[in-house]
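Just so it is clear, the structure is predicted and the values come from calculations on it, not from any experiment. Residue numbers start at 1 and run along the sequence shown. Start at 1 and go down the list; that is how both ligands and their atoms are numbered.
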Amino acid sequence: MRFLITGAAGFLGSALANQLARDGHSVRGLDDLSTGNPEALLPEVHLTRGDINDRPRLWTLLQDIDCVYHLAARVSVPESMLYPREYNTVNVGGTVTLMEAIRDVGVRRVVFISSGAVYGEQGTQPLTEDASPNPQSPYAVSKLSAEYYVRTIGMLWNIETVVLRVFNAYGPGQHIPPVHAPVIPLFLRQALNNGTLVIHGDGTQTRDYVYVDDVVTAMVAAATAREANQKIINVGSGVETSIRELVRLVIATTGGNPEVIYNPRNEGGVRRMCASLRLAEAILGYRPTTSLKEGLRLTLEKYIRVGVK
Ligand code: NAD
């Protein structure tokens, strides 16, 4: 098949692009390289540097494409609180621009990578896709509103659409920005260097951490799954892990001796997050295979190889 991946040089985009290329597919990528790293991509992946809001460029890149994966986005929850307009422009505006270009050119299917963040605080766990979204940051609002645009424009113009709500993905290749770093790479680096692990709130809040290879498996399946059209599907590990437990696992995996401190002034976000995988299994045949313990080990191995500081 012929694929276009937006955000192809990013953490999840590059893992997906390389897998599709290894499977013998033709893969084009678009990325503005604001955070992406083109060196993460195999030479078989044809990357174009450009912005998701550049419609003429999208028209060109979409020629003869069977399926588009849309991952290009600004991805930091705390950053989105400071710059909501930017998140609206890239995550919402960029999605509308892409869907309009897809409508103009004609593509069979779009797979949109949304986020478990759209659920926000919920009374019932694990989270099923029919829960009423309760976004709690401009990032989550932008992903939810992009979901609606993808589904609605797809419905109006007969474009198949699949929305995957990915939970907390981690693994080798996830970059560590100087501010607002995701928790797993941040904790691994701090523990490796015997630095400080800061736990916001009391550390009992839970998240669903899913290894990058499992996310890739689900994304690959979404391109061809028969019953997936118009569906919203969770992609997680199905396992709920508290921050305290994550800290324990990180310390055990690294063998480091970091200082662990609590920051009670920050509540640490949503209390609980755990994905129900019932729909993912039924529609995508998805069953995650990498435990958090094993995933941390694999991620650490890579960090040590490349000498993460
Ligand atoms: P990432 O930052 O590594 O990837 C995003 C990519 O989009 C980057 O390569 C960046 O350069 C590119 N990009 C940003 N703005 C762009 C623009 N205006 N035009 C073109 N390209 C642009 O982050 P990631 O973790 O790989 O996330 C990929 C997608 O998955 C995002 O849509 C994110 O919302 C979603 N997601 C990620 C997670 C996670 O835990 N990593 C969880 C849920 C959803």
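- Asp31 OD2, 2.6 Å is the protein heavy atom nearest to atom 9 (O) of ligand 1.
- The minimum heavy-atom distance between Ser114 and Val163, with the atom names listed, is CB-CG1, 3.8 Å.
- Atom CZ of Arg278 is surrounded by 12 or fewer heavy atoms from other residues, nucleotides or ligands within 6.0 Å.
- With ligand atoms numbered from 1 in the order given, ligand 1 contributes 2 (O), 3 (O) to contacts under 4.0 Å with heavy atoms of His175.
- Applying the 4.0 Å criterion to heavy atoms of Ala9 picks out, from ligand 1, the atoms 9 (O).
- Checked against Ser142 for a side-chain hydrogen bond (donor to acceptor under 3.5 Å, both in side chains), the options Asn91, Thr89, Asn88, Thr95 give a single hit: Asn91.
- Polar contact check, Ser34 against ligand 1: a nitrogen or oxygen pair lies under 3.5 Å apart.
- Nearest protein heavy-atom neighbour of atom 8 (C) of ligand 1: Thr35 OG1, 3.2 Å.
- Residue contacts with ligand 1 include Gly50, since one of its heavy atoms falls under 4.0 Å from the ligand.
- Of the candidates Tyr139, Phe112, Tyr170, the one placing a heavy atom closest to atom 36 (N) of ligand 1 is Tyr139.
- The distance criterion of under 3.5 Å between nitrogen or oxygen atoms is not met by Arg74 with respect to ligand 1.
- Counting only heavy atoms of the protein, atom 19 (N) of ligand 1 lies nearest to Ile52 N, 3.0 Å.
- The number of heavy atoms from other shown groups lying within 6.0 Å of CG (Asp23) is above 12.
- Looking at Arg165 and Tyr119, their side chains do bring a donor and an acceptor atom within 3.5 Å of each other.
- Contacts with ligand 1 closer than 4.0 Å are made by backbone heavy atoms (N, CA, C, O) of Ser114 only, the side chain lying farther away.
- Val105 approaches Leu62 most closely through the heavy-atom pair CG1-O, 3.7 Å.
- Heavy-atom separations between His70 and ligand 1 are all 4.0 Å or longer.
- If you look at Leu33 next to ligand 1, the close heavy atoms, those under 4.0 Å, all belong to the backbone.
- The neighbour count for Trp157 CH2, taken as heavy atoms of other residues, nucleotides or ligands under 6.0 Å away, does not exceed 12.
- Here's the thing with Gly36: one of its N/O atoms is less than 3.5 angstrom from an N/O atom of ligand 1.
- Under 4.0 angstrom from ligand 1, there are no non-hydrogen atoms of Arg165.
- Minimum heavy-atom separation, Ala117 to Ala140: O-CB, 3.5 Å.
- Of all the listed residues (Phe167, Tyr69, Phe11), Phe167 holds the heavy atom that lies closest to atom 38 (C) of ligand 1.
- Against a heavy-atom cut-off of under 4.0 Å, Val75 is close to the following atoms of ligand 1: 2 (O), 23 (O), 27 (O), 31 (C), 33 (C), 34 (O).
- Contact record, Thr204 with Ser242: O-CB, 3.9 Å, taken as the closest heavy-atom pair.
- At a heavy-atom distance under 4.0 Å, atoms from both the backbone and the side chain of Val166 approach ligand 1.
- Comparing Leu30, Leu71, Thr97 by heavy-atom distance to atom 31 (C) of ligand 1, the nearest is Leu71.
- In plain terms, the two heavy atoms of Tyr211 and Pro172 that are nearest each other are OH-CD, 3.3 Å.
- Considering only non-hydrogen protein atoms, atom 4 (O) of ligand 1 sits nearest to Gly10 CA, 3.6 Å.
- Annotation: atom 13 (N) of ligand 1 to nearest protein heavy atom, Asp32 OD1, 3.3 Å.
- Atom numbering of ligand 1 starts at 1 in the shown order; those under 4.0 Å from a heavy atom of Ala73 are 5 (C), 7 (O), 14 (C), 31 (C), 32 (O).
- Remark: Asp104 engages Arg55 in a salt bridge, criterion side-chain N to carboxylate O under 4.0 Å.
- Closest heavy-atom contact between Tyr262 and Gly203: CE2-N, 4.3 Å.
- Polar contact with ligand 1: present for Asp51 (N/O pair, distance under 3.5 Å).
- What sits closest to atom 37 (C) of ligand 1 on the protein, heavy atoms only, is Leu12 CD1, 3.7 Å.
- Taking the centre and axis of the six-membered ring of Phe3, the NZ or CZ atom of Arg28 falls outside the cone set by 45° and 6.0 Å.
- Checked by distance only, ligand 1 and Gly13 stay at 3.5 Å or farther apart across all their nitrogen or oxygen atoms.
- Within 6.0 Å of the CZ atom in Arg271, the count of heavy atoms belonging to other residues, nucleotides or ligands exceeds 12.
- Going from atom CD1 of Ile113 over to atom CG of Leu164 covers 4.5 Å, rounded to the nearest 0.5 Å.
- Using 4.0 Å as the threshold, Gly94 has no heavy atom nearer than that to any atom of ligand 1.
- Within the 4.0 Å heavy-atom criterion, both parts of Ile113, backbone and side chain, lie near ligand 1.
- Other residues, nucleotides and ligands contribute over 12 non-hydrogen atoms within 6.0 Å of the CD atom of Glu301.
- Between Ala169 and ligand 1, at least one N/O pair is under 3.5 Å apart.
- For ligand 1, none of its N or O atoms has an N or O atom of Asn168 under 3.5 Å away.
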